[in-house]
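Heavy-atom basis, side chains included; hydrogens, waters and symmetry copies ignored. Remember, predicted model here, so these are calculated numbers, not experimental data. The residues of the chain are indexed from 1 along the displayed sequence.
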Amino acid sequence: MGNLKLTIFQDEKFTGYSLEMEMKKMLEKINYRLISMSFEKVQQRYVFKKLNLIDIDLTIKDTGIETRDLSDLDHFESVADIIIEGLENLSLEFYGIE
């Protein structure tokens, strides 16, 4: 299992349910399963401006034949790419992932 922290810009189109369904669908494409997801609205200062963000904690499990490690940069990038594609499908703006 692996944990990811995803940050997106707040948007009135955001619903936890739609994001969860999209993440499940997208992660299945690369043999991962979404175990849990939680989110929290936060404000972050950037120079003289406040950014309204949503921090999303994802726990995912590899369901493939080979066990892949998220600490491997190439593998992490493939997971990040599929998550960003899912955000684009929902018209949500990506801020960061760790």
Chemist: Thinking salt bridges, do K24 and E20 make one under a 4.0 Å N-O criterion?
Modeler: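 Salt bridge: yes.
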
Chemist: Could you report the tightest heavy-atom contact between L34 and L58, atom names first, then the distance?
Modeler: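 Result for this residue pair: CD1-CD2, 3.8 Å.
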
Chemist: Which atoms form the tightest heavy-atom contact between M26 and I82, and what is the distance?
Modeler: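 Minimum heavy-atom contact is O-CG1, 3.4 Å.
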
Chemist: How long is the straight-line distance from OH of Y32 back to CE of M23, given to the nearest 0.5 Å?
Modeler: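 The OH atom of Y32 is 14.5 Å from CE of M23, to the nearest 0.5 Å.
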
Chemist: Please evaluate residues I56 and M37 with respect to the criterion side-chain contact (heavy atoms from CB on, under 4.5 Å), reporting the C-alpha separation (whole Å), side-chain torsions for both, the decisive distance (0.1 Å), and the verdict.
Modeler: CA-CA 7 Å; I56 303 163; M37 183 181 89; 3.7 Å; yes

Chemist: State, yes or no, whether a side-chain contact exists between L87 and L6 at a heavy-atom distance under 4.5 Å.
Modeler: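 The answer is yes; the side chains approach within 4.5 Å.
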
Chemist: Answer yes or no: is there a side-chain heavy-atom contact under 4.5 Å between N52 and K41?
Modeler: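 N52 does not reach K41 side chain to side chain.
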
Chemist: Atom OG1 of T7 and atom CG of D57: how far apart are they, to the nearest 0.5 Å?
Modeler: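 Between atom OG1 of T7 and atom CG of D57 there are 8.5 Å.
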
Chemist: I'd like to know whether L27 forms a side-chain contact (heavy atoms from CB on, under 4.5 Å) with R33, so could you lay out the CA-CA distance, the side-chain angles of the two residues, the decisive distance to 0.1 Å, and finally the verdict.
Modeler: CA-CA 6 Å; L27 288 167; R33 186 174 55 154; over 6 Å; no

Chemist: My understanding is that only one of I8, D55, L53, I54 makes a side chain to side chain contact (heavy atoms under 4.5 Å, CB included) with Y95; could you say which?
Modeler: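 Answer to the side chain to side chain contact (heavy atoms under 4.5 Å, CB included) test with Y95 among I8, D55, L53, I54: L53.
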
Chemist: How close do S18 and L90 get, heavy atom to heavy atom, and via which atoms?
Modeler: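 Closest heavy-atom pair between S18 and L90: O-CD1, 3.8 Å.
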
Chemist: Restricting to non-hydrogen atoms, name the atom on N89 and the atom on E22 that form the minimum distance, rounded to 0.1 Å.
Modeler: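 Scanning both residues completely, I find the closest heavy atoms to be ND2-OE2, 2.8 Å.
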
Chemist: To the nearest 0.5 Å, what is the distance between NZ on K49 and CD on Q44?
Modeler: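 K49 atom NZ to Q44 atom CD measures 12.0 Å (nearest 0.5 Å).
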
Chemist: Tell me whether Y46 is reachable from F9 by hopping between hydrophobic residues (I, L, V, M, F, W, Y) whose side-chain heavy atoms are closer than 4.5 Å.
Modeler: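 As far as the 4.5 Å side-chain criterion goes, Y46 and F9 are connected within one cluster.
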
Chemist: Per the side chain to side chain contact (heavy atoms under 4.5 Å, CB included) rule, which among L70, I35, N3, I30 passes with I60?
Modeler: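 Answer to the side chain to side chain contact (heavy atoms under 4.5 Å, CB included) test with I60 among L70, I35, N3, I30: L70.
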
Chemist: Are more than 12 heavy atoms from other residues, nucleotides or ligands located less than 6.0 Å from atom CZ of F94?
Modeler: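 Atom CZ in F94 is crowded, with more than 12 foreign heavy atoms closer than 6.0 Å.
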
